[in-house]
Amino acid sequence: LKKNWFTEDCEMWPGGTFSIEVKEVLYSEPSAYQKINVYDTTKFGKVLVLDGIIQCTEKDEFAYQEMISFLPLCLHKNPEKVLIVGGGDGGVAREVAKHPKVKEIVQVEIDEKVIEVSKKYLPFMAVGFDSPKLKLHVCDGFEFMANHKHEFDVIITDSSDPVGPAVNLFRENYFILLKGALKPNGIICSQAGTVWNDLDLVSNILQICNNQFAKAAYAYASVPTYPSGQIGFVIGSLDKDVVFDKPEHVFTEEDEKEMKLRYYSSDIHKAAFVLPTFVKQHLARN
Ligand code: AAT
């Protein structure tokens, strides 16, 4: 490849990969948990990379952050207290704080360095940390969950992929702890991989959530800088009456403008649960 291009390289996705032209390396240091890089790029603006995997880019981060936040928030009747696991760039906190019903946000990020670096180089996401609704803890999401029972209406797991520090956040034990940390009728939403690369992972997490929750489903968004340009979320609800493609809170165009939403809308919410045939068939088999 040409020089000055960053190429994503991960054992999870062999045989094909994504590259981005780099203008400048802004930061490159290992933390206690992972190697952190921040690039300025010609096409996607500032880019955060952890252990060689793109976490978010300035150009398309809103698609992922809005969807992982508003899908579960809009399915819950009264999402007053929300927990975010991961999300060290601040983007999900920024979105969750916009929802009019949310009163209190707790966030648990394992790596203090990601927060620090995001505040310095990615202020358009790190604004999320300025919300007066937010209490931020630096610790492991899995350990935190074990000590919190029946506390949250919605729990969003904005975690890196299941290699490195996030590996425990994809196991059934974690989902059992999530269930225990929810109030009655609570909802969880977890980053759950792509249908083109990780269909077995998607089906595995969905199976776990079907075991643990009254209802579960997979929804997805288009995000060009994630592997294969797509990423999905598994949502689990303790409320058996939830209808995933019917949001409790329907936003008008005015609401969307006021909340500065650029991807999520009530129409996109409904569409996000409509899956391609090969995905539906694969998930039905398991
Ligand atoms: N907002 C989109 C970016 C992410 S960041 C994922 C975050 O999860 C990182 O800040 C990482 O430090 C944090 N994290 C990893 N493991 C844990 C843990 N055990 N407890 C708490 N936080 C953790 C998501 C990118 C998705 C990439 C898809 N390919």
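These values consider heavy atoms only, across backbone and side chains, with no hydrogens, waters or symmetry-generated copies. Whatever order the structure lists them in is the order used to number ligands and atoms, beginning at 1.
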What do you reckon, does M125 put a non-hydrogen atom under 4.0 Å from ligand 1?
-> no
Which heavy atom of D89 sits nearest a heavy atom of S118, and at what distance?
-> CA-OG, 3.3 Å
N/O to N/O below 3.5 Å, does that happen between V85 and ligand 1?
-> no
Y64-ligand 1 polar pair, N/O distance under 3.5 Å = no
Can you name the one residue among I20, N4, T57, T225 that meets side-chain contact (heavy atoms from CB on, under 4.5 Å) with T41?
-> I20
So which heavy atom in the protein is nearest atom 27 (C) of ligand 1, and how far is it from that ligand atom?
-> D161 OD2, 3.6 Å
Using a 4.0 Å heavy-atom cut-off, say whether I110 meets ligand 1 through its side chain, its backbone, both or neither.
-> both
Take C74 and H99 through the test side-chain contact (heavy atoms from CB on, under 4.5 Å) and record every step on the way to the result.
-> CA-CA 9 Å; C74 290; H99 195 287; 4.1 Å; yes
Below 3.5 angstrom, do we get any N/O pair linking P165 and ligand 1?
-> yes
Any salt bridge between E80 and K103, counting N to O under 4.0 Å?
-> yes
Please report which non-hydrogen protein atom sits nearest to atom 3 (C) of ligand 1, along with the residue it belongs to and the distance in Å to one decimal place.
-> D89 OD2, 3.2 Å
Would you say ligand 1 has an N or O under 3.5 Å from any N or O of Y226?
-> no
Nearest heavy-atom neighbours spanning S159 and Q191 | O-NE2, 2.9 Å
Ligand 1 and G141, any nitrogen or oxygen pair closer than 3.5 angstrom?
-> yes
Taking H269 for its side chain and F244 for its backbone only, find out whether a donor-acceptor pair lies under 3.5 Å.
-> yes
Contact with ligand 1 for L48, non-hydrogen, under 4.0 angstrom = no
Quick look: L169 vs ligand 1, heavy-atom contacts under 4.0 Å, and the answer is side chain
Is the backbone of L134 close enough, under 3.5 Å, to the side chain of Q107 for a donor and an acceptor to pair up by distance?
-> no
List every atom of ligand 1 that sits less than 4.0 Å from any heavy atom of L50, numbering the atoms from 1 in the order shown and giving each element.
-> 9 (C)
Counting heavy atoms only, which of V117, I231, D158 is nearest atom 24 (C) of ligand 1?
-> D158
Partner of I156 by side-chain contact (heavy atoms from CB on, under 4.5 Å), out of I68, L71, L83 | I68
Of all protein heavy atoms, the one nearest atom 15 (C) of ligand 1 is S160 OG, 3.2 Å
At a 4.0 Å cut-off, with the gap strictly under it, does some heavy atom of D140 reach an atom of ligand 1?
-> yes
Between E66 and Y264, is there a donor-acceptor pair closer than 3.5 Å when you use the side chain of the first and the backbone of the second?
-> yes
Can you figure out which of E8, Q191, E109 has its heavy atom closest to atom 9 (C) of ligand 1?
-> E109
What is the closest protein heavy atom to atom 5 (S) of ligand 1, and at what distance does it sit?
-> Q55 OE1, 3.3 Å
N168 touching ligand 1 at heavy-atom level, < 4.0 angstrom = no
Kindly say whether D239 contributes a backbone atom to a donor-acceptor pair with the side chain of S237 at under 3.5 angstrom?
-> yes
Identify whether NZ of Lys or CZ of Arg in K119 sits under 6.0 Å from the centre of the six-membered ring of F129 and within 45° of that ring's axis.
-> yes
State whether the side chain of D198 and the backbone N or O of L201 hold a donor-acceptor pair below 3.5 Å, judged by distance alone.
-> no
Touching ligand 1 at all, G91? Heavy atoms, strictly under 4.0 Å?
-> no
Determine whether the side chain, the backbone, both or neither of Q65 has a heavy atom under 4.0 Å from any heavy atom of ligand 1.
-> side chain
